[in-house]
Amino acid sequence: MTTDTKTTTPLLQLVGVSKHFGELRAVDDVSLNITAGSVTCLVGPSGSGKSTLLRTINMMEEINDGAVFFEGHMIGHEVRNGHRVPVAKSVARKQTLNFGMVFQHFNLFPHYTALENVTIAPMLVKGLKKRAAQEIGRRVLEQVGLGNRMDHYPNELSGGQQQRVAIARALAMEPKVLLFDEPTSALDPELVSEVLGVMRGLADLGATMIIVTHEMRFAEDVADEVIMMDAGRIIEQGPPRDILHNPSTARARKFFASVGTLSAQKG
Amino acid sequence: MSSLLTRRKSGLPADLRTQKDLAALKIRPRFGIAQWVSIGVAIYLGLTLIQFFVFNENWKWDVVFSYLFSQVIMNGLLNTIYLTLLTTFFGLILGVITAWARMSSLVVLRTFAVLYIWLMRAMPPLVMLLVVFFFGALVPTLGIGIPFGPSFAEVPTNDVISRFSAAIIGLSIYLGAYSAEIFRGGILALPSGQFEACKSLGLPPFKAYQKILGPQLIRVIIPSLANDVITIFKSTSLVSVIGYTELLTTVQTIYARNFETIPLLMVAVIWYLVLTSIAMFGQARLEKRFGRGFARRNQGSPKAALENAAKEDL
Ligand SMILES: Nc1ncnc2c1ncn2[C@@H]1O[C@H](COP(=O)(O)OP(=O)(O)OP(=O)(O)O)[C@@H](O)[C@H]1O
Ligand SMILES: [Mg+2]
């Protein structure tokens, strides 16, 4: 691939992606381009398929239709005899490494300290020596403002600190895209800003991020693009100002009116 | 009398009525009637037990102590320990493999695992031991080959199955089935987020189980596993049916000769108590080892944390 096509090809492309749970179309024919260095916020009512869409990107959910392309190459499937088959698990794991994921409930490893949580994957997956992994671990923990909490276990940290460790854990694998699934929804209101602050810092550094969030103020400030989903489909897509204040569909107007008043009351 | 009664009820002598006086009083644990009664009962029971065990000639403690460290008993005890260790080792490995098969995506493996667990649950261990020991009568030669067709390599079954190996095989496949369900229960109890975190970090399943899921599930299943392993101590006495001499069999052959039944059984009980204590001590150590991160440590002890981290080479 020449450098020329690389600059014009989006980092990540979804083409007609669908994910069904039985009869339910949790993600329904979604197409999407993500350019390198962009911040995309996924919003929408509960059950609209935001988490499922996010999880199809890093192959946590198998897709039923469509395809995902990373740097122009199809991931998750390969062509064989005129069909597509899922790639071997070892290949899938390699492809997963392009993505780092941050979960709503942190999912830290409770029996490891913050530093161990951050260093274990570089050691086990990338085969780094302990010392090299710890160097990276210290750096990313400093980056999320937890340089003084490295030797604490998750249950000795506040929710906001735990989520920042989780972000550091994802960063330590040096992924090309960061995926966040409602990273602040499980946090007390006063802890939300410290996590959003870290994410803002990552955006300023040029990280490519896809964020499922209900924090509309944050989306407006940080996102390059806001995507609204409803019933598994994208119903609005564009710059945050247009989408949040001037949505074209009645469904979106209703949704943003409800969350708009909510965040107005909070702030 | 009546003034004393009222004073007791309010608990306030006349000179201690001001709030300042009250606040200055020391706080002691409440020592109520239940405490006294329970202590009384404990003393009574203690004395009764001393009378029962020490001042009752019929226990014949001299006989007990003359046998406790004797050569035959020691041999039996070593056989028990040996059998328990090997059975635990092979049984738990078998259990892990079975649990893995039971949760496999391959339907054949799952079915095998379920059938195996079903059979072992139905089968009394005594029967199991006898079937293994007399396997030679059922199948005179063991070999690898094609069913109903030729076989490529053969050995006489009785060369493979001794009393010892029959005991190990019989008890291991038993423990294997039981521990498989314990392992599976532990895996089911893990939060799904842990699996997702491992997957999102690209951890291969084996490493994920070894370093992340395994330690967490061991923490949960230690009490049940310890139960099963301690049960094995005593189940080893079943191997007397196939003539393997461990602790209890040894004791039985001795009292069959000299009729000192109770003292010799006491010898066995004392050693079982010792073995159980060791196992429970090991259990406590394991629980502590795998409990890290789950108990809140002292707030100001980053030093202890560092020491822990240094000890635990990931
Ligand atoms: N594993 C699953 N099995 C069956 N149905 C599922 C599964 N996961 C999600 N769904 C369904 O798919 C739909 C989309 O779910 P999803 O979690 O993606 O919604 P969401 O937009 O993230 O909602 P929320 O804001 O509440 O997190 C929902 O109707 C949900 O019930
Ligand atoms: Mg969701």
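So that the names make sense, note that chain A is the first sequence line, chain B the second, and so on, each numbered from 1.
Panel note: side chain Q162(A), backbone P154(A); a donor-acceptor pair is recorded below 3.5 Å. Checked by atom type and distance alone, the side chain of S172(B) pairs as donor or acceptor with a backbone atom of I168(B) at under 3.5 Å. Listed for the K19(A) side chain is a donor-acceptor partner under 3.5 Å among the backbone atoms of E62(A).
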side-chain contact (heavy atoms from CB on, under 4.5 Å) between L157(A) and L146(A), worked out = CA-CA 10 Å; L157(A) 299 173; L146(A) 288 174; 5.5 Å; no
What's the verdict on side-chain contact (heavy atoms from CB on, under 4.5 Å) for Y116(B) and I173(B), showing C-alpha distance, side-chain angles and the deciding distance?
-> CA-CA 9 Å; Y116(B) 165 53; I173(B) 56 180; 3.8 Å; yes
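R169(A) forms no cation-pi arrangement with Y112(A), by the criterion of a distance under 6.0 Å to the ring centre and an angle within 45° of the ring axis.
Interface remark: L108(A) contributes backbone atoms only to the contact with chain B (heavy atom separation under 4.5 Å). Contact of H111(A) with chain B is made through backbone and side chain together, with heavy-atom distances under 4.5 Å. Both the backbone and the side chain of F109(A) come within less than 4.5 Å of a heavy atom of chain B. Looking at E196(B), both its backbone and its side chain come within 4.5 Å of chain A, counting heavy atoms on both sides. Heavy atoms closer than 4.5 Å to chain B are found in the side chain of M173(A), but not in its backbone. Contact of L97(A) with chain B is made through the side chain alone, with heavy-atom distances under 4.5 Å. The contact between M59(A) and chain B is made entirely by backbone atoms, counting heavy-atom distances below 4.5 Å.
Put simply, of N58(A), L124(A), T96(A), the one with the most heavy-atom pairs under 4.5 Å next to chain B is L124(A). Between chain A and the residues K199(B), R219(B), Q194(B), the largest count of heavy-atom pairs under 4.5 Å involves Q194(B).
Applying side chain to side chain contact (heavy atoms under 4.5 Å, CB included) to L179(A) and the options I211(A), V212(A), L54(A) leaves one that passes, L54(A).
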